[in-house]
Student: 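One structure follows; several queries about it will come next.
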Amino acid sequence: DAGVTQSPTHLIKTRGQQVTLRCSPISGHKSVSWYQQVLGQGPQFIFQYYEKEERGRGNFPDRFSARQFPNYSSELNVNALLLGDSALYLCASSIGIGTSGGLEQYFGPGTRLTVT
Amino acid sequence: GNSVTQMEGPVTLSEEAFLTINCTYTATGYPSLFWYVQYPGEGLQLLLKATKADDKGSNKGFEATYRKETTSFHLEKGSVQVSDSAVYFCALSDLSGTGRRALTFGSGTRLQVQP
């Protein structure tokens, strides 16, 4: 079975532009979470979605938004890009949330975003 | 809020040496604890987990014990290999009323194993 897939692999954008990152979870997984990993640091939680509903949001500005589709795939959108948004964006999927299969999160390879 | 503190790296060891990477945490509730590993150019892989006090997680020769009294989850391996060279992240997961499970990560510890 395929793991979590993300696209694109790499992306270069200019300050002020908008970007959309995509994620497909492991087959059978209904929850998707997004994390931002700045170089040399641990990942930071951005969003968690389950059954197309936002279940949690980290400490990120409103420029960051996401959605989940009926097939459980997800998109992360970032508007008005800043240099500080340059990072590896990781998507993770889990079977469910909470105590129903939400414990283990499986990560994709990430999308490397560079903002110039 | 929640936080995870790991020992700073890099940790450089010779093959077959004993490994310890320290990890302590601060959490308002009763979190689950994890170790993830990140190989160069790749995403994170779950290495092991523990969900309650005194639980020992183990995988691929690595192990860590959930110590509630010292709020620690140190990673150990008896004999490291060159292939273990990677960045190791300690993390905790809490549970909110909405069912959200957000991972809080430490800053990572780079392990370099020399032949």
Side-chain angles (χ1 to χ4, degrees), chain A residues 2-7 9-10 21 23 25-26 29-51 53-60 66 87-112, chain B residues 1-10 21 23-25 27 29-52 55 57 59 66 73 75 86-110:
Chain A
V4 177
T5 59
Q6 293 185 242
S7 63
T9 305
H10 296 90
L21 311 180
C23 170
I26 293 170
H29 285 198
K30 297 182 178 181
S31 178
V32 169
S33 298
W34 288 94
Y35 292 82
Q36 180 195 65
Q37 186 179 17
V38 173
L39 194 63
Q41 298 181 19
Q44 283 197 292
F45 172 73
I46 310 175
F47 288 110
Q48 183 176 36
Y49 275 77
Y50 176 70
E51 294 283 12
E53 289 188 5
E54 181 183 305
R55 292 305 186 107
R57 182 187 184 112
N59 188 24
F60 281 81
L88 181 67
Y89 288 85
L90 295 165
C91 174
S93 76
S94 55
I95 293 172
I97 57 170
T99 55
S100 300
L103 184 63
E104 296 187 6
Q105 295 188 25
Y106 297 88
F107 284 80
T111 293
R112 173 75 61 189
Chain B
N2 298 332
S3 66
V4 175
T5 302
Q6 291 181 234
M7 61 188 288
E8 287 194 21
I21 300 178
C23 170
T24 57
Y25 68 90
Y30 198 153
S32 297
L33 302 176
F34 305 82
W35 279 98
Y36 279 84
V37 58
Q38 188 172 37
Y39 297 99
E42 298 184 13
L44 298 168
Q45 296 179 23
L46 177 62
L47 183 59
L48 53 84
K49 69 178 188 293
T51 59
K52 60 183 186 294
D55 261 4
N59 186 26
Y66 191 144
F73 193 55
L75 182 68
V87 180
Y88 291 82
F89 291 92
C90 184
L92 67 81
S93 168
D94 66 351
L95 183 59
S96 77
T98 65
R100 170 196 61 79
R101 275 201 178 272
L103 289 163
T104 300
F105 287 88
S107 56
T109 302
R110 180 175 301 277

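Per chain, numbering begins at 1; letters A, B, ... match sequence-line order. These figures come from a predicted structure and were not determined experimentally.
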Student: Counting only non-hydrogen atoms closer than 4.5 Å, does B/Gln6 touch chain A with its backbone (N, CA, C, O), its side chain (CB onward), both, or neither?
Tutor: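 Neither part; nothing is under 4.5 Å.
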Student: Check the angle between the aromatic planes of A/His29 and A/Tyr106 and answer parallel, tilted or perpendicular using the 30° and 60° thresholds.
Tutor: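 Rings of A/His29 and A/Tyr106: tilted, 30 to 60°.
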Student: According to the interplanar angle, ranging from 0 to 90°, do the rings of A/Phe107 and A/Tyr35 count as parallel (below 30°), tilted (30 to 60°) or perpendicular (above 60°)?
Tutor: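 Tilted: the ring planes of A/Phe107 and A/Tyr35 meet at 30° to 60°.
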Student: Considering only heavy atoms, which portion of A/Phe47 lies under 4.5 Å from any heavy atom of chain B: side chain, backbone, both, or neither?
Tutor: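 For A/Phe47, no heavy atom lies under 4.5 Å from chain B.
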Student: Where on B/Leu103 is there a heavy atom nearer than 4.5 Å to chain A: the side chain, the backbone, both, or neither?
Tutor: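 Looking at B/Leu103, backbone and side chain both touch chain A.
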Student: Check for a donor-acceptor pair, side chain of A/Gln6 on one end and backbone N or O of A/Gly110 on the other, with a separation under 3.5 Å.
Tutor: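 Yes, A/Gln6 side chain to A/Gly110 backbone: donor-acceptor pair under 3.5 Å.
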Student: Is A/Leu88 close to chain B through its backbone or its side chain, or both, or neither, when contacts mean heavy atoms under 4.5 Å?
Tutor: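 The side chain, not the backbone.
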Student: Side chain from CB out, backbone as N, CA, C, O: work out which of these in B/Thr104 comes under 4.5 Å of a heavy atom of chain A, or both, or neither.
Tutor: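 When you check distances to chain A, no heavy atom of B/Thr104 falls under 4.5 Å.
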Student: Contact part of A/Gln37 toward chain B, heavy-atom cut-off under 4.5 Å: side chain, backbone, both or neither?
Tutor: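 The answer is the side chain of A/Gln37.
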Student: Okay, side chain of B/Tyr25, backbone of B/Leu92: is any donor-acceptor separation there less than 3.5 Å?
Tutor: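 Not a single qualifying donor-acceptor pair exists.
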Student: If you measure from OG on B/Ser93 to NZ on B/Lys49, what distance do you get to the nearest 0.5 Å?
Tutor: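 If we round to the nearest 0.5 Å, B/Ser93:OG and B/Lys49:NZ are 11.5 Å apart.
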